[in-house]
Amino acid sequence: MSELIKKAYEIAKEQYVAIGVDTDAAIAKMRDVNISLHCWQTDDVGGFETADGELSGGIQATGNYPGKATTIEQMRADLEKVLALLPGKQRLNLHAIYGDFQGEKVDRNEIEVKHFQSWIDWCKAQGIGMDFNATCFSHERAADGFTLSSKNEENRKFWVEHVKRCRAISAEIGKQLGTPCIHNTWIPDGSKDVPVDRNGYRTLLKKSLDEAMETEYPKEQMKDAVESKLFGIGVESMTVGSHDFYLGYAIKNNKLICLDNGHFHPTEQVGDKISSVLQFVDEVLLHVTRPVRWDSDHVVTLNEDVQLIASEIMRNDFLDRVNVGLDFFDASINRIGAYVTGTRAAMKAFLIAALEPTKDLVAVEEAGKNFERLAMLEELKTMPFGAVWDYYCLQEGVPTGMDYIGEIQQYEKDVLLKR
Ligand code: RNT
Ligand code: ZN
């Protein structure tokens, strides 16, 4: 098999040379594509707190496929399996509810570095960086739908304290791992029906963010991102943290804006937003996902939305300014299979983007040759990308083509179905 892959690669390489593309250079560029793996695909955004609360905040994981991780050990085993099936180097993206609480009840306003030390150690052992998220949902103090923008001062303070602690933990994570930890704040706040005091909630959100982010940390340790959203289930009429709100906040306060491609009107494209927001903010965080009719968080596939995102990043050498994270959770199929398929799809989009003769396309565009541009873009779609992908996987020592399917089936038999 590997002989066939090498042969196919040699032919593909020549075909790409003919259009001025260096396949080896494209593969080398993949070294800089470090995708942050969202831990929550392994357990449907459940977490390890002692209280077994419902997932709230207008996000939903549907399905009950067997094998969900219910302990830290299981989750780490799953993540190790995922890492073993992916080429390149990734990061871990952890939510605050996934602390190593050792069976103790630790409320969100009480979490400390010690609850995450074993995760930091795990990342160190894997040789990967780590990102972090405050968890402002699935909690009794979020039951009325408001957290940082709550008019209940006790609740608002509680969530401010949570975010403050998460940022301090993030700084320590970045310090210990020697790579900045991105801390993302997403809140579900909003209202099902038409509210009257939109302004009041947004004023409170701004105030809470200012309070929670009062302590500055060196950016070598941590960076703040804020994630906007259009609407959620049960939060249809107004989202406090809208895109306008957070983009303004990010620009004014030198924060990262987190763009989740499930969080916009269906015909808006995050790929189109990257070059706009990067004129005004230093960095962006992405939550790559696949919304089907709504922010459904389906497993990422190699579709045009994801392709545009990757192309915009590679065309402009934005990898040092765009931090790529994933955000999907499907509980209806093998979760590890979902994880690997989705992540490999995102990676494929980046490799395809790296194989684009961008300079030639720009030259054609600047010459006003728009038929030629269209034709070239169409022809590029059927270039032998798969041969390059397989060769890249082979080089990285991970399964090529469909071979990872068998590995997941085996893992299901040996591990997941025994849970
Ligand atoms: C919700 C946001 C948010 C969450 C995760 C679990 O719509 O996308 O990023 O999915 O924090
Ligand atoms: Zn998201």
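All ligand and atom numbering here is 1-based and tracks the order in the structure.
- Looking at every heavy atom in both residues, Thr135 comes nearest to Arg108 through O-NH1, 2.5 Å.
- The closest side-chain donor-acceptor pair between His139 and Asp107 falls under 3.5 angstrom.
- When the options His95, His38, Gln60, Gln41 are ranked by their closest heavy atom to atom 6 (C) of ligand 1, first place goes to His95.
- Considering just the N/O/S atoms of Glu227, the one nearest the Zn ion (ligand 2) carries the name OE2.
- For ligand 1, the atoms closer than 4.0 angstrom to any heavy atom of His263 are 1 (C), 2 (C), 7 (O), 8 (O).
- No donor-acceptor pair closer than 3.5 Å links the side chain of Asp297 to the backbone N or O of Pro291.
- For the Zn ion (ligand 2), the set of nearby N, O or S atoms under 2.8 Å includes one belonging to Asp327.
- The Zn ion (ligand 2) forms the vertex of an angle spanning OD2 of Asp260 and ND1 of His287; to the nearest 10 degrees it equals 110°.
- Side chains of Thr358 and Glu356: a donor-acceptor N/O pair is present below 3.5 angstrom, by distance only.
- Taking every non-hydrogen atom of His287 and a distance limit under 4.0 Å, the qualifying atoms of ligand 1 come out as 9 (O).
- For CD of Glu216, the number of neighbouring non-hydrogen atoms (other residues, nucleotides, ligands) closer than 6.0 Å is 12 at most.
- Close approach of ligand 1 to Asp295 is summarised as follows: ligand atoms under 4.0 Å from at least one heavy atom of the residue are 7 (O).
- For the pair Arg141 and Phe158, the cation-pi criterion (under 6.0 Å, within 45° of the ring axis) is fulfilled.
- The atoms of ligand 1 that sit less than 4.0 Å from any heavy atom of Ile59 are 1 (C), 7 (O).
- Using modelled atom types and a 3.5 Å distance limit, the side chains of Trp40 and Asp327 yield a donor-acceptor pair.
- Pro87 approaches Cys393 most closely through the heavy-atom pair CG-SG, 4.2 Å.
- Heavy-atom proximity to Phe329, at under 4.0 Å, picks out these atoms of ligand 1: 10 (O).
- The N/O atoms of Glu227, backbone and side chain alike, include one that comes under 3.5 Å of an N/O atom in ligand 1.
- Protein heavy atom in closest approach to atom 10 (O) of ligand 1: Asp327 OD2, 2.7 Å.
- Each of the following atoms of ligand 1 lies closer than 4.0 Å to a heavy atom of Lys229: 1 (C), 7 (O).
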